[in-house]
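Each remark here refers to the structure printed beneath this line.
Note that this is a predicted model, so its numbers are computed, not measured.
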Amino acid sequence: MNVQPAPAPLLIACALGIEHLALRSGDRGGAGGPVTFVRTGMGPRAAQRSLTRHLARPALTDAAVVATGFCAGLAPGMRPGDLVVAEETRDPHGTVRCVGTELLVKELARLLPGRTVHTGPLTGSDHVVRGPERSALRATGAIAVDMESAATLLSAVTAGERPVAAVRVVVDTPEHELVRIGTVRGGISAVRVLRSVLPAYFEWHRSLLLPRR
């Protein structure tokens, strides 16, 4: 009798407690394998340390990785609650191509009709970006910025070959800058959007499952 290999797990990484709570309270049905939610803490160094530590565990050696949470939009016309699906993540330490972007866009559009889904490069920063710096990053071709996605995915692929993706919900735009990330607690639609995205991640995972080595 042929024994099918166990499906590779899925690791979903975010930085903030409010992101972690939104994800864990979402619809968790339909996962194609084991799912681990990781709160990395804020900033690229925290993300790098957390991913390296988690992916060193035998149960997560082959895990597919999704970096998710909130981001700042860079393009004029972006609105809070819009979605960003990265074609690549980039920061001074490197660029990582994402896998399955088209599938994620399709699934997110199906789950959240009426929500705008943007695709393009997602850039990393080690601090909150405002004002002229936002324009400078936009000039590089990036459509959004956050502090953890680039470090998360670079750490993931450094630890071993695996599918990776980054999906973010816009909370901060050129026209609507946040004073602090805690403002999200005021009921902004981004929290509800993040709570609804898990089925898209699970479908992405099912389509790209890697057998265990």
Side-chain angles (χ1 to χ4, degrees), residues 6-40 47 50-51 54-55 57 59-71 81-89 96-122 143-144 146 148-157 159-171 189-212:
L10 173 63
L11 187 154
I12 300 174
C14 62
L16 302 175
I18 191 170
E19 297 168 335
H20 193 250
L21 178 61
L23 289 163
R24 290 187 64 88
S25 63
D27 180 4
R28 299 176 65 178
V35 180
T36 298
F37 294 90
V38 172
R39 179 185 173 187
T40 66
S50 180
L51 262 290
H54 279 88
L55 294 177
R57 298 175 180 175
L60 294 174
T61 298
D62 294 329
V65 173
V66 175
T68 194
F70 304 132
C71 72
D82 284 0
L83 287 146
V84 171
V85 180
E87 294 175 342
E88 66 180 30
T89 58
V96 177
R97 292 291 300 177
C98 297
V99 176
T101 298
E102 292 183 0
L103 174 62
L104 281 167
V105 170
K106 176 183 175 182
E107 288 300 311
L108 290 167
R110 181 183 64 81
L111 286 168
L112 295 159
R115 291 286 174 187
T116 301
V117 183
H118 306 268
T119 60
L122 176 61
I143 64 168
D146 76 87
E148 296 84 26
S149 290
T152 294
L153 297 199
L154 185 58
S155 298
V157 299
E161 184 178 353
R162 70 190 71 247
V164 295
V167 178
R168 291 277 169 170
V169 182
V170 175
V171 294
S189 62
V191 177
R192 295 193 299 273
V193 173
L194 192 60
R195 192 177 292 130
S196 302
V197 297
L198 284 180
Y201 300 170
F202 296 157
E203 182 61 29
W204 173 85
H205 183 223
R206 282 193 296 270
S207 75
L208 299 168
L209 282 175
L210 297 179
R212 290 188 182 275

- Task: Show your working on side-chain contact (heavy atoms from CB on, under 4.5 Å) between L154 and T89 and close with a plain yes or no.
- Result: CA-CA 8 Å; L154 185 58; T89 58; over 6 Å; no
- Query: Do any N or O atoms from the side chain of E107 and from the backbone of L103 form a donor-acceptor pair under 3.5 angstrom?
  - Reply: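 Side chain of E107 to backbone of L103: no pair is present.
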Hey, what do you get for [atom1] ([X]) to [atom2] ([Y]), rounding to the nearest 0.5 Å?
X: I12; Y: F202; atom1: CD1; atom2: CZ; value: 5.0 Å
X: L11; Y: S50; atom1: CG; atom2: OG; value: 8.0 Å
X: E102; Y: E87; atom1: CD; atom2: CD; value: 9.0 Å

Do you know which two heavy atoms are closest between [X] and [Y], and how far apart they sit?
X: A8; Y: H205; result: O-NE2, 2.9 Å
X: S25; Y: R195; result: OG-NE, 3.2 Å
X: V164; Y: V96; result: CG2-CG1, 3.8 Å
X: L111; Y: S196; result: CD1-O, 3.8 Å
X: C98; Y: A86; result: CB-O, 3.3 Å
X: V169; Y: G81; result: CG1-CA, 4.0 Å

Can you find a pair of side-chain heavy atoms, one from [X] and one from [Y], that are under 4.5 Å apart?
X: L55; Y: R162; result: yes
X: L153; Y: V65; result: yes
X: Y201; Y: T68; result: yes
X: R24; Y: R39; result: no
X: T40; Y: L51; result: yes
X: V66; Y: L104; result: no
X: T36; Y: P9; result: no
X: W204; Y: L108; result: no

- Task: Only one of L83, D82, L122 passes side-chain contact (heavy atoms from CB on, under 4.5 Å) with R168; say which it is.
- Result: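 Of L83, D82, L122, side-chain contact (heavy atoms from CB on, under 4.5 Å) with R168 is met by L122 alone.
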- Query: Between V170, V193, I18, D146, which is the residue that forms a side-chain contact (heavy atoms from CB on, under 4.5 Å) with F70?
  - Reply: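 The passing option is I18.
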